[in-house]
Enquirer: 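Pasting a structure below so you can have a look.
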Amino acid sequence: MKWSNMYAPTLRDVPGNAEAVSHGLLVQAGFIRQLHSGHYSMLYLGQLVQRKVEAIIREEINGIGGQEMILPTMHPADIWKQSGRWDKMGEIMFTLEDRKGNANALGITHEEIFASVGTELTSYKQLPQLWYQIQIKFRDEARPKSGLLRVREFHMKDSYSFDVDWDGLDKQFDAHHDAYLRIFKRFGLDAFGVLASSGAMGGNSSVEFMVECPAGEDDVIKCPKCDYAANVERGTSVIPKIVDDADPETYERFDTPGVRTIKALEDAGHEANKQLKTLVMVADGETILAVVRGDHQLSLQKLSDQIGGPSELRPATPTEAKELLGAMPGSLGAVGVKGVRIYLDKELQGRTNMTTGANEDDVHYSGVNVERDIECTEWLDLREVQAGEECVNCGGQLDILRCVEVGHIFKLGTVYSEALGLNIANADGSTSPVVMGSYGIGVQRNMAVAVESNYDDKGIIWPMELAPFEVSIVPVKDDEETMAAATSVYESLLASNVDVVLDDRDVRAGVKFADTELIGIPLRITVGPKTLANGEVELTERRSGETQNIAVDAAAATVAEMVAAAK
RNA sequence: CGGGAUGUGGCGCAGUUUGGCUAGCGCACUCGCUUUGGGAGCGAGGGGUCGUGAGUUCAAAUCUCACCAUCCCGACCA
């Protein structure tokens, strides 16, 4: 590519509304432009990087036996109703009517669609299968943000495995796990797998791949001593046991005028860790109670996952709470409550002599024995882990890291194959539903995270495998000798299949240097009379800034080797 | 969906509080001359429905109302 023909609209100023580093740099360096909220155009440079991201993914997924397909992005409502996700997904799905009045949806993911293709699988002899696509997804996000990190229209690689049994699924799952780690490494990312909540995907096991990043949206629990890592939506920890004072025979009520908060009750002499925090929640219209220790935080996602994943789970309004329990928030409790599902956090098992609201405004109970006085529906792990607590594996002090999710793999099991009738005949003549897995990587999100992880004050620093160009050649004068040398190196590199751009623009050298650095091209060959007098050109590495002189004649071969070595 | 902010040539912004002449500045762009190894200098130009609509007024970028869009925080999020 000759730069004079290339549309690479770099900006001198960082765009004003870009908060995330990758957003600002990708716009400033001319890779992307926004059309509207959550929708971006990939300009030439952006497209070049996207193709490289996709190529790496293809290579690795093909490497574990993947077969690429391309499925529709617009789906009939019916298939989403069959799996039960039409209602479950709610407003996240873009929907539209066609001219006949039929409901359609733009795909947010493709489990149903791949399963429908899979219904032609009839025998165990055809399995295992691994199918994938790189396809556009649409999600009507409540709040698109941070450039390419959270958008409404994006490319995703999604693969789907089909197996006879769970052992087969485990193998495909592990193969993806390893392939994903190789992929992220090639992206220049320091990614690690964490235990995750499967959320609306269903299934019973999933691993998210995370990269630490301030622009991220997930909090991850990570043990610095062992390999324990989990999303806060799922992770657990060990906390010191509390030894309670001897229990009175029964709980006692006492007046607490004006006391509405854990803190206020604490000031009145009842330590937060000896209080019960009773939260009234509404799950798909049903009012339920969740109880955690006074100084603990309820994890909504943990609750949701363990009570069957309702499509709506929210805190009750004060009015709803009063209707159910007879008091306003601040004096609520589960003691003596009947006919309501009551979920107690496991940390409360065996606790005695606790304090809680009496379901009468301005009144609390003390001396509550949790197991004796509360009709527990189920003990669940409901509390959110805090930094500094102990690792469940090794006792190390847990960190909580802000991360971006760069990939997610799911053991789906038979949820979709049962819903969509995907059954096969086994060797013994019996019939069983196919065991499925699904595995996703966001293409453009990874491109953005690669920038978040690789930049300096001059701009982006692409890893060699993702760079839009591997080398830029910068002639600093336009005299005949300089241009002849630059062109000759350029043509040799082209012949060696190196991705090279020749900056033949009629602009000052400083502009060329700045653009090459901003765009993040890993290697720069500077050609000018100074070194050409000795038959040499300069070679500068973007990341280190180090420059060396090399002979013009050897330049192309040397650089081609360096490029190959860096991949 | 709740809270906050912003919307003025391609980009970044000032002007709005206190209404008043042809709406400014920097970058970018065009032309000329000079310059030329780290985002050049001088000179001359071109380009704006001031987010949209309604209203108040002799007069609106500026005041009022409604709407729209975008960003940030939260809620939400395979």
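Throughout, protein chains are lettered first and strands after them, A, B, ... in sequence-line order, and every chain is numbered starting at 1.
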Enquirer: Mind checking salt bridge (charged side-chain N to carboxylate O under 4.0 Å, His left out) for A:Asp219 and listing every partner two or more places apart, or none if nothing turns up?
Expert: A:Arg402

Enquirer: Distance check: side-chain N/O of A:Arg143 vs OP1/OP2 of B:rC73, anything under 4.0 Å?
Expert: yes

Enquirer: What's A:Pro9 touching, base or sugar-phosphate or nothing? Going by heavy atoms closer than 4.0 Å.
Expert: nothing

Enquirer: Taking B:rC73 as the reference, what is the distance to B:rC11 when you measure between their C1' atoms (whole Å, please)?
Expert: 27 Å

Enquirer: From C-beta outward on A:Ala142, which listed nucleotide comes closest to its side chain: B:rU70, B:rG37, B:rC76?
Expert: B:rC76

Enquirer: What is the distance from CD of A:Glu141 to P of B:rC72, rounded to the nearest Å?
Expert: 13 Å

Enquirer: Rounded to whole angstrom, note down the P distance from B:rG74 over to B:rU30.
Expert: 44 Å

Enquirer: Applying a 3.5 Å limit to both distances, which nucleotide forms a Watson-Crick or G-U wobble pair with B:rG46?
Expert: none

Enquirer: Write down the protein N/O and nucleotide N/O pairs, taken from nucleotides 5-12 of chain B, whose separation is under 3.5 Å; answer none if there are no such pairs.
Expert:
none

Enquirer: For nucleotides B:rU49 and B:rA61, find the distance between their P atoms and express it as a whole number of Å.
Expert: 13 Å

Enquirer: Measure from CG on A:Leu300 to C1' on B:rC76 and round the result to the nearest Å.
Expert: 10 Å

Enquirer: Under the salt bridge (charged side-chain N to carboxylate O under 4.0 Å, His left out) rule, collect the residues that match up with A:Asp295, sequence neighbours excluded.
Expert: A:Arg293

Enquirer: Using whole Å, report how far CG of A:Leu35 lies from C1' of B:rC71.
Expert: 16 Å

Enquirer: Which residues pass the salt bridge (charged side-chain N to carboxylate O under 4.0 Å, His left out) test with A:Lys222, not counting sequence neighbours?
Expert: none

Enquirer: Would you give me the side-chain donor-acceptor pairs under 3.5 Å for residues 525-537 of chain A, sequence neighbours excluded?
Expert:
{"from": "A:Thr526", "atom 1": "OG1", "to": "A:Arg524", "atom 2": "NE", "distance (Å)": "3.1"}
{"from": "A:Thr531", "atom 1": "OG1", "to": "A:Glu536", "atom 2": "O", "distance (Å)": "2.9"}

Enquirer: Rounded to the nearest angstrom, tell me the gap between atom CG in A:Asp219 and atom P in B:rG74.
Expert: 10 Å

Enquirer: Output the distance between atom NE2 (A:His155) and atom CD1 (A:Ile57), rounded to the nearest 0.5 Å.
Expert: 11.5 Å

Enquirer: Considering residues at least two apart in sequence or located in another chain, which fulfil the side chain to side chain contact (heavy atoms under 4.5 Å, CB included) criterion with A:Glu91?
Expert: none

Enquirer: Starting at atom NZ of A:Lys88, determine the distance to atom C1' of B:rC77, rounded to an integer number of angstrom.
Expert: 14 Å

Enquirer: Considering Watson-Crick and G-U wobble pairs with both distances under 3.5 Å, what does B:rC33 pair with?
Expert: B:rG41

Enquirer: Any base atoms under 4.0 Å from A:Tyr439, or only sugar-phosphate, or nothing? Heavy atoms, all strands.
Expert: nothing

Enquirer: Quote, to the nearest angstrom, the C1' distance that separates B:rG51 from B:rU8.
Expert: 10 Å

Enquirer: What distance, rounded to whole Å, do you find between the two P atoms, one in B:rG19 and one in B:rC58?
Expert: 15 Å

Enquirer: Please determine, for B:rA61, whether a Watson-Crick or G-U wobble partner exists with both distances under 3.5 Å, and give it or none.
Expert: none

Enquirer: Which is true for A:Gln34 with a 4.0 Å heavy-atom rule: it touches a base, it touches only sugar-phosphate, or it touches nothing?
Expert: sugar-phosphate

Enquirer: Can you tell me how far C1' of B:rA28 sits from CD of A:Gln28, to the nearest Å?
Expert: 14 Å

Enquirer: If you take any heavy atom closer than 4.0 Å to RNA chain B, which residues from residues 470-490 of chain A end up in contact?
Expert: A:Val476, A:Lys477

Enquirer: With a 3.5 angstrom cut-off on both distances, give the Watson-Crick or G-U wobble partner of B:rC1, or none if there isn't one.
Expert: B:rG74

Enquirer: Counting only heavy atoms and a strict 4.0 angstrom limit, can you tell me which residues of residues 502-527 of chain A come near RNA chain B?
Expert: A:Arg508, A:Ala509, A:Gly510, A:Val511, A:Phe513, A:Ala514, A:Asp515, A:Glu517, A:Arg524, A:Thr526

Enquirer: Considering only B:rU70, B:rC76, B:rC77, which nucleotide approaches the side chain of A:Arg150 most closely?
Expert: B:rC77

Enquirer: Could you tell me how far B:rG10 sits from B:rU6 if I compare only their P atoms? Round to whole Å.
Expert: 22 Å

Enquirer: Using purine N1 to pyrimidine N3 plus N6-O4 or O6-N4 for Watson-Crick, or N1-O2 and O6-N3 for G-U wobble, each under 3.5 Å, what pairs with B:rA14?
Expert: none

Enquirer: Scan residues 542-552 of chain A for pairs that pass salt bridge (charged side-chain N to carboxylate O under 4.0 Å, His left out), counting only residues two or more places apart or in two chains.
Expert: A:Asp456-A:Arg542

Enquirer: So, using salt bridge (charged side-chain N to carboxylate O under 4.0 Å, His left out) as the criterion, who are the partners of A:Arg505 when residues are at least two apart?
Expert: A:Asp503, A:Asp515

Enquirer: Rounded to the nearest angstrom, tell me the gap between atom CD in A:Glu19 and atom P in B:rU70.
Expert: 17 Å

Enquirer: What contact category does A:Gly528 fall into here, base, sugar-phosphate, or nothing, at under 4.0 angstrom with non-hydrogen atoms?
Expert: base

Enquirer: Hey, is A:Arg152 close enough to A:Glu141 for a salt bridge, meaning N to O under 4.0 Å?
Expert: no

Enquirer: Starting from C1' on B:rC76, measure out to CE on A:Met93 and report it in whole angstrom.
Expert: 16 Å

Enquirer: Return the 5'-most residue of the pair A:Lys145, A:Glu538 with respect to RNA chain B, ranking by each residue's nearest nucleotide.
Expert: A:Glu538

Enquirer: Above 12 or not: heavy atoms from other molecules or residues under 6.0 Å from CD of A:Glu481?
Expert: no

Enquirer: Applying a 3.5 Å limit to both distances, which nucleotide forms a Watson-Crick or G-U wobble pair with B:rC67?
Expert: B:rG51

Enquirer: Given that A:Ile441 and A:Ala20 both sit by RNA chain B, which one's nearest nucleotide is further toward the 5' end?
Expert: A:Ala20

Enquirer: Partners of A:Trp131 by ring-ring contact (aromatic ring centres under 6.0 Å, His included), sequence neighbours excluded?
Expert: A:Phe162

Enquirer: Test the A:Lys411-A:Phe173 pair against the cation-pi criterion, namely NZ or CZ under 6.0 angstrom from the six-membered ring centroid and within 45° of the ring axis.
Expert: yes

Enquirer: Could you give the distance separating B:rU64 and B:rG7 at their P atoms, to the nearest angstrom?
Expert: 15 Å

Enquirer: After noting the C-alpha distance and the side-chain angles of A:Trp462 and A:Phe31, does the key distance pass the ring pair (Phe, Tyr, Trp, His ring centres under 6.0 Å) rule?
Expert: CA-CA 13 Å; A:Trp462 290 110; A:Phe31 287 75; 5.6 Å; yes

Enquirer: Can you name the side chain to side chain contact (heavy atoms under 4.5 Å, CB included) partners of A:Asp284, sequence neighbours left out?
Expert: A:Pro310, A:Ser311, A:Glu312

Enquirer: When the P atoms of B:rG26 and B:rG38 are considered, how many whole Å apart are they?
Expert: 25 Å

